[in-house]
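Each remark here refers to the structure printed beneath this line.
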Amino acid sequence: MRNYDVLIIGTGVAGLFAALNLSSDKQILIATKGTLEDNDSFLAQGGICVQRDEMDFEPFLEDTLRAGHYENNEAAVATMINQSQEIIDDLIDLGVAFDKKGAGFSYTKEGAHSRARILHCKDMTGKEINSKLIARVKELKNVSIFENSTLVDLLVAGDRCHGAVLRDQAGKLSNVYAQSTLLATGGIGGLFSKTTNFAHLTGDAIAIALKHGIRVKDLDYVQIHPTSLYTGRSGRAFLMSESLRGEGAILVGKDGQRFADELLPRDLLTKAIYTQMEKDRLPYVRMLLKGHVEGSIAGRFPGIHAHCLQEGYDLVEDYIPVVPAQHYFMGGIAVDLNSKTSLANLYAAGETSCNGVHGKNRLASNSLLESLVFSKRAAQAIDESFQCALPYPFPEPDARSIEAGLKEANRKLLEETGSEEEAHAK
Ligand code: SIN
């Protein structure tokens, strides 16, 4: 029998940062479906928002609410903004190297931001943050890590969560007991054919929450990112970061003319792109940086530049074909401001969870920040309310009933999120 104080599922920034913020007397297991680095935090390009100064609270709040169509939980937005500087300080202490401009930091802008407030590490902000967190977590003596371990059920009895059932690479099922469990399994992009997400991120925790009647919220709020690289092939869509447009890149139709404000909120720009594609009868519109982005394009966007070269485009010189793709999920397992779910001893953070911070449409570069703020709060809440109970004796997991339960749970999730066509048409 495996028995831990805290079980964390997922190794994006939410899972890792929670482990780093839990007290070191807790025995922690972190399990992840792929390898440590196979998570969407790792892919984040643009950056992480921060409240730049006292004067920035109101504009940051208003930008987030406006992008979210004022359906956001305002208390969650205020909490996130108020803790943003603290989180950036934490990351710097953990070794994250944000880009500098002179003696200070370099801030960029993205869609629907009224001012530049996004810190970045070139165009690989997620990789820089995630890899620094992985390195620090690996130093912790109280943390074990299981890679290639899939969440297939929760252990629920007596109105509380007692841990989870995991399936290893060989297909073996095990009950893992924990006093507290944190779900940080990312989004649902794997359910879509055109997504910037890893294909194995299929909303597992959300489906299992539905199966157990754990409260969920806004399951039809799916975000389509306006610009991924058009290739005509299937497989993961490569993101053409919103920070390209934040630094000045324009979008043009077949006639070479701009057709929209490139810094509209994501949902509105996506609509404008689809309208233009229909007008042009083309499966893409084109993005141009040359003459619009100042400074060294290859230096500021080395990852995107290298990827485009592999696909036969020079980001510095060429028009690049781009098309919208599924990118983010605003809905998820309903949580309070301390990331507690409706089931005792069960927490959720990051894209898996929904505290309402993003409303109907997430503001660019708020996702890493949200994950870090609310996973730290989850860790604090777990530490504060920690009570050791004897593990509840569950029977060994039965493969047939687990598979049947998963199938039904996934069917429910797909019903709630709606079809891919519906998400693109919204
Ligand atoms: C991007 O770089 O466009 C993505 C950033 C985000 O999803 O907020």
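When a residue number appears, it is its place in the shown sequence, counting from 1.
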Under a 3.5 Å threshold, yes or no: a donor from one side chain and an acceptor from the other, between [X] and [Y]?
{"X": "T64", "Y": "N366", "result": "yes"}
{"X": "T195", "Y": "H327", "result": "no"}
{"X": "Y274", "Y": "H424", "result": "yes"}
{"X": "T185", "Y": "T352", "result": "yes"}
{"X": "R117", "Y": "Q51", "result": "no"}
{"X": "R245", "Y": "T227", "result": "yes"}
{"X": "D63", "Y": "S114", "result": "yes"}
{"X": "Q380", "Y": "N338", "result": "no"}
{"X": "N142", "Y": "D25", "result": "no"}
{"X": "S371", "Y": "E351", "result": "no"}

Next on the checklist: Working note: F394 + H162, criterion ring pair (Phe, Tyr, Trp, His ring centres under 6.0 Å); need CA distance, chi angles, decisive distance, verdict.
Outcome noted: CA-CA 9 Å; F394 284 83; H162 297 262; 5.7 Å; yes
Checklist entry - Quick one: do D38 and K33 make a salt bridge, cutoff under 4.0 Å? => result no
Item to check | Intermediate values then yes/no, side chain to side chain contact (heavy atoms under 4.5 Å, CB included), I382 and V6 | outcome: CA-CA 8 Å; I382 290 170; V6 184; 3.9 Å; yes
Checklist entry - Hey, are the side chains of M277 and V323 touching, using non-hydrogen atoms and a 4.5 Å cut-off? => result yes
Next on the checklist: Measuring only between side-chain heavy atoms, which start at C-beta, is E71 closer than 4.5 Å to N361?
Outcome noted: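 SC-SC contact between E71 and N361 ruled out.
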Checklist entry - Rounded to the nearest 0.5 Å, how far apart are NZ of K217 and CD1 of I206? => result 13.5 Å
